[in-house]
Each structure stands twice: as structure tokens, then as C-alpha cells.
Amino acid sequence: MYYLQSFYAEKEEKVTGNSHSSSIITTPVGERQADTESISLEQLQFLVHLVDQSDIVELEVTQNDTRTRLVLRKPHQSISHVPSAESSSPPEKASSHDTEPGRSTILAPCVGFFQSWSKPLVAVGDTVRGGQHVAVIRSLGIPNEVEAPMTGRIVEILVQDGQPIEYGQPLMVIEE
Amino acid sequence: MFRTILIANRGEIALRVIRACREMGIRSVLVYSEADKKSLPVRMADKSICIGPGPGSKSYLYIPNILSAAVVSRADAIHPGYGFLSENMNFVETCEDLHIPFIGPPASAMGIMGDKVSARLAMAQAGLPLLPGTSVLHSLAEGLEAVREVGFPLMLKAVAGGGGRGIRLVKGPEEFEHAFLLAQNEAREAFRDDGIYLERYLERARHVEIQVLLDHHGNGIHLGERNCSCQRRNQKVLEEAPSPHLPVELRQEMGTRAVQAALAVGYRNAGTMEFLVDEQNRYYFMEMNTRLQVEHPVTEQVTTLDLVKEQIRVASGEPLSLRQQDVHFLYHAIECRITAEDAQANFRPQTGTVTQYMAPGGPGVRVDSHLYTGYEVPPYYDSLLAKLIVWGKTREEAIIRARRALDEFVIEGLPTTIPFLRRLLDHPAFVQGETYTRFIQEEAAALGIESK
């Protein structure tokens with residue numbers, strides 16, 4: 001039987017494959033239908049649809065006994081977190097690092113999960129002081145506070161609650 | 001069996017572990033520094049996580065980010081490669097605390113064998129022959145006392161040293177005092193530990209090391225020896241197996257005793273016991289490397305075993321799939337370490353962009369490298385560019401093949417040690433198998449390099 005081994009919405013920094021739609025990286029899929037040893041065409045179509053219609057960026061399906069592993073991965077997409085009614089800038093801009101003068105991108109100083117157990121410290125539109133804690137990254141159970149590098153206004157939040165974070169990952173864009 | 005392995009390393013060894021994972025159907029997660037963002041292993045790993053900026057201390061040695069990456073990626077185990085955290089007892093213990101299996105020996109065994117002095121003691125107790133030497137000395141007075149027993153020439157070695165660092169030769173008693181104080185200072189600077197021990201030095205000796213592999217069920221085997229006598233400033237440049245002129249019975253004896261000694265200290269997984277063998281074929285234990293080594297492919301080619309896969313199997317709790325009698329040695333294998341160093345300029349390390357890269361091929365040729373055309377060699381790490389491994393039915397064939405492969409090898413954009421290695425393979429003493437640890441130094445002129 002299959003079970004979903006890992007299922008998480010995350011921001012992929014690395015683009016795999018060169019298609020612009022969902023790319024499938026797979027181990028050989030048998031043509032036999034309704035066979036517990038291999039994935040059927042219906043099951044595959046269902047999974048592709050599932051990934052396509054949702055926020056899921058990577059889906060991995062494993063069958064324990066044959067050790068078949070199926071990974072469905074979407075190319076790079078940024079997730080713009082918009083807690084307020086204010087609509088944010090178009091997707092292309094959200095994924096770029098600070099290109100505009102007066103704007104700075106706050107980068108993650110460590111590896112962990114983005115503030116998953118506290119209310120968001122800031123929202124888009126908030127004004128923050130230099131040194132103010134704008135986010136928490138939980139590493140090995142220890143909260144690491146992320147400080148604003150300068151005084152300014154948060155114009156974009158690039159990550160979601162609970163999202164895995166790597167070192168140097170862009171977290172927010174701040175404008176002086 | 002593990003489903004996901006986090007690889008806490010970079011360069012060619014990261015690639016090596018990724019390949020083993022791929023063949024075993026295991027998901028590979030690679031940590032990388034910002035300087036390695038465009039490296040080949042990052043492209044090839046199933047997933048990669050940036051863990052810090054270029055400098056090693058802030059990335060590949062920075063334990064909190066690496067362990068956090070293991071948690072974030074839900075890794076079932078960590079492979080440390082070689083160098084970096086592979087022999088860091090603190091790291092192993094922390095992995096044990098977090099219940100993330102470390103693919104290597106237990107912290108306790110690493111602790112005993114990682115400390116050069118406690119290793120000597122433990123191996124003496126296990127019945128291995130040692131060169132006359134001392135335990136840790138902390139003062140010149142202790143040193144002067146000890147030289148009477150050890151004799152000259154001798155080596156001053158830093159207790160906390162390793163990989164060829166912290167070693168100094170003292171030829172006679174008149175040099176001792178000055179050398180001892182210098183060595184203490186250097187050790188204090190480099191390793192924050194000024195402990196020095198002394199060891200008798202053999203004028204003409206071969207460096208012969210035994211590869212051992214032990215599981216968690218009390219089984220242990222040896223996979224033969226490697227001769228690593230071709231060294232420059234205590235850094236290996238070429239390794240081969242089997243060791244020329246080593247009697248079969250001596251290999252068997254050294255191998256058996258190495259396994260017994262490893263079992264005696266509770267060692268598990270892959271490791272290497274280093275010995276010096278003198279002209280009368282007497283062998284002496286020197287130290288143990290409690291990790292997978294750079295030159296492991298040499299053993300892989302003569303035994304046809306995949307050592308990284310064996311490491312992973314052992315760490316996941318499987319018993320060894322081979323008994324000693326199942327281990328056979330076929331072929332003769334040679335590995336050349338190609339580094340970004342200018343042999344003409346005293347092996348000064350180089351950085352730069354590899355403008356053209358083309359690896360050799362054909363029968364009996366293997367290349368373990370992370371290079372590609374256009375790759376920018378970062379300045380923060382060791383200078384190893386590629387390992388060329390060749391094998392043949394005989395040593396002669398392997399040497400001819402090594403020459404052929406080096407001649408085919410194209411690495412342009414920065415100076416490499418390929419020309420130096422090529423000359424080494426032509427040197428009559430090397431061809432006769434008459435190399436010993438000071439060989440490169442003493443034949444510097446013939447090899448076209450500056451002496452010392």
C-alpha cells in the first residue's frame with residue numbers, strides 16, 4: 001500500500017527540471033493497472049491534480065516494500081503572505097531580492113522553522129525600529145530572534161508560518 | 001534502512017555519498033555554504049539546505065545549523081564525509097543525544113582513538129607493536145627526560161593534531177629544545193592544546209594502512225592495506241593497493257590484528273589503522289583514522305566493494321554481508337590526488353575558475369571529482385580538485401594506465417599537480433615500488449619541485 005511519506009508546502013530555492021508546469025521526477029511506472037506493486041495511471045493523475053490545484057510544492061510518495069519513490073515537485077514559486085486585506089506586489093517582485101533602492105531584504109541568520117508557535121510578530125505595512133524582533137526561527141527547539149536591520153516599513157513577508165528555513169533565505173522586505 | 005541521509009560535507013566526497021544514496025534508493029539531503037551554491041553536489045542532491053557563509057567555521061563546522069538542517073529535512077542519519085565534523089566527538093555525541101544516527105564510529109571509540117596518546121596506550125594493550133614513544137608532555141623538562149628512552153631521530157607530534165599537521169622531525173639532541181618549544185607554540189595556536197608527545201622516527205619506512213569495517217553485531221573484517229608512502233609534507237599525494245613488496249602473510253597478520261584491536265576499543269563502521277613498516281618488515285602502529293578516508297576508492301577497486309554503502313548498511317543496523325574469507329583482492333589500484341597547487345611554486349594553493357574540464361576514461365579508470373567546466377574554486381576549503389583512480393591486472397599495467405589517464409586529463413584555468421604526478425609515475429624508484437615516506441622530499445629535484 002502507499003502512504004504519503006512527506007507532505008509539506010515549502011519554498012523551493014532550487015529549480016529542478018526546466019518546464020514551467022508541474023514537472024514529474026519519477027521512478028519507472030509500470031503499465032499494469034490496479035496493481036499494488038506499481039502506481040496506476042488513475043492514481044498518478046489524481047496526484048498530479050492534487051499538487052497542481054494546491055499550494056503543495058513537493059509531494060513524495062513511497063511504497064515501503066518495493067521502495068519505489070515518487071516525487072512530484074513544482075518549479076520555484078514564492079509564497080507571498082498577506083495577512084491584511086492589502087494586496088501585495090506581483091509574484092515576480094516577491095521572489096526577487098532587494099532590487100529597489102531604499103529597500104532591503106531581511107535574510108535568515110540560521111536554519112530552522114519559521115515562527116510556528118507564536119502569533120506573527122509583524123504584518124505587511126507595519127513600521128519597525130532597527131533591532132526590533134520581526135520574526136522567530138525555531139532551531140532544535142530553541143527560538144532565534146530575527147532583527148530588523150534598520151527602521152522602516154515591512155512591505156513583504158516572503159515565508160509562511162511553519163515553513164522550513166535555510167541560512168540566508170529571504171524572509172521579508174523592508175523599506176526605509 | 002534509512003530513508004533520508006543528511007550529508008554534512010562538500011566537494012567530491014559529498015558527491016560520493018550522494019551517489020551511494022541514489023543507488024540505494026535513499027533520499028540525499030546536502031548542506032552547503034553560500035560559497036558552494038553552484039557546486040555539483042548541490043545540483044545533484046535530492047535536496048540541499050544552505051547552512052552558512054563560505055568560511056568553514058560558520059558553515060560546515062557550525063553544528064547548530066547542520067543539526068537543525070537534519071531536523072528540518074527529517075533526516076534519518078548523518079554522513080559526515082571526511083574532514084570537517086567527521087572526527088568531532090562533540091558532534092557525534094550531539095547526534096547521539098538527538099537520536100540521529102551518525103554514520104561512523106560511536107563517540108566513545110572515536111574519543112579513545114582520536115586522542116593520539118590514548119590511542120597508543122589502547123593499542124599497546126591490544127597487543128599492537130608501537131615505536132618507542134611517550135605519553136603527553138607538557139614541559140620541556142618532561143621532554144628532556146623522555147628523549148633518553150625514545151632516542152633519535154624522533155618526531156614531535158601534537159596530541160591534538162591530525163591530517164599531517166603538528167608534526168616536526170628532530171634529528172639530534174642538539175635540536176631538541178628549540179624544536180620542542182616551537183612545536184608547543186604551534187600546537188597552542190593551531191589546536192588550542194599544547195600537548196606534545198614524542199615518537200621514534202624510522203629513516204626508511206613505508207606507510208601501510210589497513211582498512212577495517214565493523215558492524216554493530218560484533219563482526220569485523222579487514223579489507224586489505226593501502227600503501228601511502230608518497231607524501232609531501234605529511235600530505236598524501238598518491239596511494240596504492242596492494243602495497244608493493246608486502247608479503248601476503250604480513251598483510252593477513254596486520255589485518256587480523258587491526259580488526260581485533262578495533263573490536264577491543266568498541267570501534268564500529270569504517271576506519272583505518274595506520275602503520276609504519278620498516279625495511280625488515282616489522283610494523284608499528286601509528287594512529288587510527290576514525291572516518292572514511294580520501295583514498296577509500298583504492299580499496300573499493302581491489303575488493304570490488306562499495307565502502308560508502310557498507311557504512312550506511314552498518315549504521316542502519318545490518319550485519320556485515322561478508323566474512324573475512326569472502327574478501328578477495330583483485331587487481332592493483334593507484335589513486336592520484338590532483339590538487340589546485342602549483343608544484344613549481346612550492347605547492348602554493350590556487351583558486352580560480354576551471355575554464356575547461358575533461359576527465360579521462362576508458363578501461364580501468366575512475367574519477368571522483370566535483371569539477372565541471374566553468375566551476376569557480378572557492379578559496380575557503382582544501383585544494384583537492386579530483387581523485388584519479390586506475391586499476392590493472394598488475395602494478396605495471398596500473399602505472400601505465402595512470403600515466404595514460406593523467407595525459408588525457410584536462411583541467412585548465414588554474415595550475416594543478418598533474419605534471420608533478422606525471423613525473424612521479426616516471427620515477428624509477430616509484431616504478432620499482434621502492435617508495436618510503438621521505439621519498440618525495442629527497443627526490444625533489446628529480447620530481448621538479450623545490451625541496452622542503
Side-chain angles (χ1 to χ4, degrees), chain A residues 3-18 25-28 57-73 76 97 107-116 136-144 159-160 162-171, chain B residues 1-4 6 8 21-55 57-76 78 91 94-95 97-100 316:
Chain A
Y3 68 100
L4 294 175
Q5 185 204 356
S6 59
F7 177 116
Y8 45 88
E10 80 173 345
K11 187 172 178 181
E12 277 287 320
E13 288 297 320
K14 175 166 61 103
V15 178
T16 48
N18 50 20
I25 303 126
T26 173
T27 55
V57 174
E58 179 177 311
L59 179 73
E60 185 175 316
V61 180
T62 314
Q63 193 197 31
N64 244 356
D65 27 321
T66 66
R67 309 221 40 176
T68 312
R69 207 159 56 85
L70 173 69
V71 179
L72 296 169
R73 196 181 288 142
H76 174 86
H97 299 208
L107 306 175
C110 60
V111 179
F113 294 100
F114 193 70
Q115 54 178 66
S116 56
V136 170
I137 295 175
R138 186 169 56 91
S139 295
L140 301 173
I142 297 171
N144 293 80
V159 291
Q160 276 187 342
Q163 184 173 331
I165 301 292
E166 63 179 5
Y167 177 88
Q169 181 156 354
L171 301 174
Chain B
M1 176 45 70
F2 306 127
R3 286 198 284 257
T4 303
L6 182 108
C21 287
R22 184 113 335 126
E23 289 182 9
M24 294 174 82
I26 297 173
R27 188 161 166 265
S28 52
V29 178
L30 179 69
V31 301
Y32 68 95
S33 76
E34 288 179 324
D36 279 330
K37 196 172 176 134
K38 294 195 183 146
S39 69
L40 194 55
V42 168
R43 292 193 202 174
M44 286 187 53
D46 288 322
K47 185 172 168 54
S48 51
I49 300 180
C50 185
I51 43 120
S57 57
K58 302 200 166 97
S59 51
Y60 297 103
L61 291 169
Y62 189 59
I63 295 176
N65 276 354
I66 291 175
L67 288 176
S68 192
V71 170
V72 158
S73 62
R74 277 177 281 266
D76 300 310
I78 297 180
F91 181 63
T94 314
C95 289
D97 291 342
L98 292 176
H99 302 292
I100 303 179
S316 74

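Note that this is a predicted model, so its numbers are computed, not measured. Every heavy atom of this structure was used, including side-chain atoms; hydrogens, water molecules and symmetry mates were not.
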Hey, could you give me the OG1/CG distance between B/Thr94 and A/Leu140, rounded to the nearest 0.5 Å?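 One gets 9.5 Å once the value is rounded to the nearest 0.5 Å.
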Who pairs with [X] by side-chain hydrogen bond (donor to acceptor under 3.5 Å, both in side chains), at least two apart in sequence or on another chain?
X       : value
B/Ser33 : B/Tyr381
B/Glu34 : none
B/Tyr60 : B/Asp36

Could you name the residues of residues 64-71 of chain B that have a heavy atom within less than 4.5 Å of a heavy atom in chain A? B/Pro64, B/Asn65, B/Leu67, B/Ser68, B/Ala69, B/Val71
Over all atoms of both residues, closest heavy-atom pair of A/Pro164 and B/Val72: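 Taking every non-hydrogen atom into account, CB-CG1, 3.3 Å.
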